[in-house]
Amino acid sequence: MAAGRAGGGGAARYFTRWYKPDVKGRPCEDFCVLQHSNRICVITLAEAHPLLQNGKTIKSINYQISPNCSRLQNKVSGKSKRGAQFLTELAPLCRISSTDGEEYTIYSCIRGRLIEVNENILSNPAILQEKPSTEGYIAVVLPKFEESKSITQGLLTQEEYEEVLLKRHNNSA
């Protein structure tokens with residue numbers, strides 16, 4: 001669903017990029033929220049996320065959050081999106097393990113209903129790294145209508161995020 005519309009030049013036209021750096025205090029674990037003009041949000045990895053850095057290979061992606069909660073069990077129906085799991089900003093969406101033994105938890109970053117998870121990355125984890133903001137998206141979240149304007153509070157614009165990256169680079173140089 002999201003991949004078709006978010007691809008190429010369309011992403012810039014219909015989506016606004018928002019960033020959440022250092023989620024839960026974990027350095028460089030940055031996420032990107034692509035907010036569509038119709039308020040749907042696509043959750044992806046931000047460019048600086050460790051999984052997108054050189055030499056990382058994804059071993060597995062798991063949408064099973066706890067014994068009783070799998071994001072794959074999210075069954076949404078109808079216009080009102082009945083059955084969708086409700087997510088808080090820090091709700092885990094999935095866990096991704098890399099071949100070097102690191103494990104990363106991917107968080108929603110926004111409040112809303114989980115509309116879909118990207119099952120394609122389960123069979124082809126490489127697209128998560130090759131095309132993180134199109135086919136390699138993680139999930140689609142729909143914020144409540146009355147929250148859709150305030151949902152981006154606490155998120156950074158593209159310019160603000162680039163400043164964070166610059167500071168990180170300068171601090172590590």
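Keep in mind that the numbers below use all heavy atoms, side chains included, and drop hydrogens, waters and symmetry copies.
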Less than 4.5 Å apart, any side-chain heavy atom of [X] and any of [Y]?
X: Leu34; Y: Ser133; answer: yes
X: Leu114; Y: Leu93; answer: yes
X: Leu52; Y: Pro132; answer: yes
X: Ile110; Y: Phe31; answer: no
X: Phe15; Y: Gln35; answer: no
X: Glu135; Y: Asn120; answer: no

Grouping I, L, V, M, F, W and Y whenever their side-chain heavy atoms are under 4.5 Å apart, do [X] and [Y] come out in a common cluster?
X: Val33; Y: Ile106; value: yes
X: Leu122; Y: Val117; value: yes
X: Ile61; Y: Tyr104; value: yes
X: Ile96; Y: Ile127; value: yes
X: Ile151; Y: Ile43; value: yes

Partner set under salt bridge (Lys or Arg N to Asp or Glu O under 4.0 Å) for Glu47, not counting sequence neighbours: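 Listed in chain order: Arg17.
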With sequence neighbours excluded, what pairs up with [X] under the side-chain hydrogen bond (donor to acceptor under 3.5 Å, both in side chains) test?
X: Arg168; answer: Asp22, Asp30
X: Ser98; answer: Asp100
X: Gln129; answer: none
X: Glu89; answer: none

To the nearest 0.5 Å, what is the distance between [atom1] ([X]) and [atom2] ([Y])?
X: Thr152; Y: Trp18; atom1: OG1; atom2: CH2; result: 4.0 Å
X: Cys32; Y: His49; atom1: SG; atom2: NE2; result: 12.0 Å
X: Thr157; Y: Glu160; atom1: OG1; atom2: CD; result: 3.5 Å
X: Leu72; Y: Glu116; atom1: CG; atom2: CD; result: 11.5 Å
X: Gln73; Y: Ile65; atom1: CD; atom2: CD1; result: 12.0 Å
X: Cys69; Y: Gln64; atom1: SG; atom2: CD; result: 7.5 Å

Salt bridge (Lys or Arg N to Asp or Glu O under 4.0 Å): pairs with one or both residues in residues 31-45, sequence neighbours excluded: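 Checked against salt bridge (Lys or Arg N to Asp or Glu O under 4.0 Å) - neighbours excluded - no pair reaches residues 31-45.
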Greater than 12 external heavy atoms within 6.0 Å of Lys56's NZ: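 Buried by this count: over 12 neighbours within 6.0 Å.
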Apply side-chain contact (heavy atoms from CB on, under 4.5 Å) to [X] and list each qualifying residue two or more places apart in sequence or on a separate chain.
X: Lys24; answer: Leu90, Tyr107
X: Thr99; answer: Thr57, Lys59
X: Ser60; answer: Ser97

CA sep, side-chain torsions, deciding dist, call: Gln85, Arg71, side chain to side chain donor-acceptor pair (under 3.5 Å): CA-CA 8 Å; Gln85 296 172 12; Arg71 299 299 181 207; 2.5 Å; yes
Over all atoms of both residues, closest heavy-atom pair of Ser108 and Leu87: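 Ser108 and Leu87 have their closest heavy atoms at OG-CD1, 3.8 Å.
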Listing, residues 138-147 side-chain donor-acceptor contacts under 3.5 Å, not counting sequence neighbours, or none:
{"from": "Glu147", "atom 1": "OE1", "to": "Arg111", "atom 2": "NE", "distance (Å)": "3.3"}
{"from": "Glu147", "atom 1": "OE2", "to": "Arg111", "atom 2": "NH2", "distance (Å)": "3.1"}

Cluster companions of Tyr19 among Ile, Leu, Val, Met, Phe, Trp, Tyr (side-chain spacing under 4.5 Å):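 Answer for Tyr19: Leu156, Tyr161, Val164, Leu165.
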Side-chain hydrophobic cluster, 4.5 Å single linkage: members besides Phe86: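 Members other than Phe86 - counting any ILVMFWY side chain reachable under 4.5 Å - there are none.
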Audit row: Asn170, Lys167, side chain to side chain contact (heavy atoms under 4.5 Å, CB included) steps and yes/no: CA-CA 5 Å; Asn170 291 340; Lys167 278 189 191 128; 5.8 Å; no
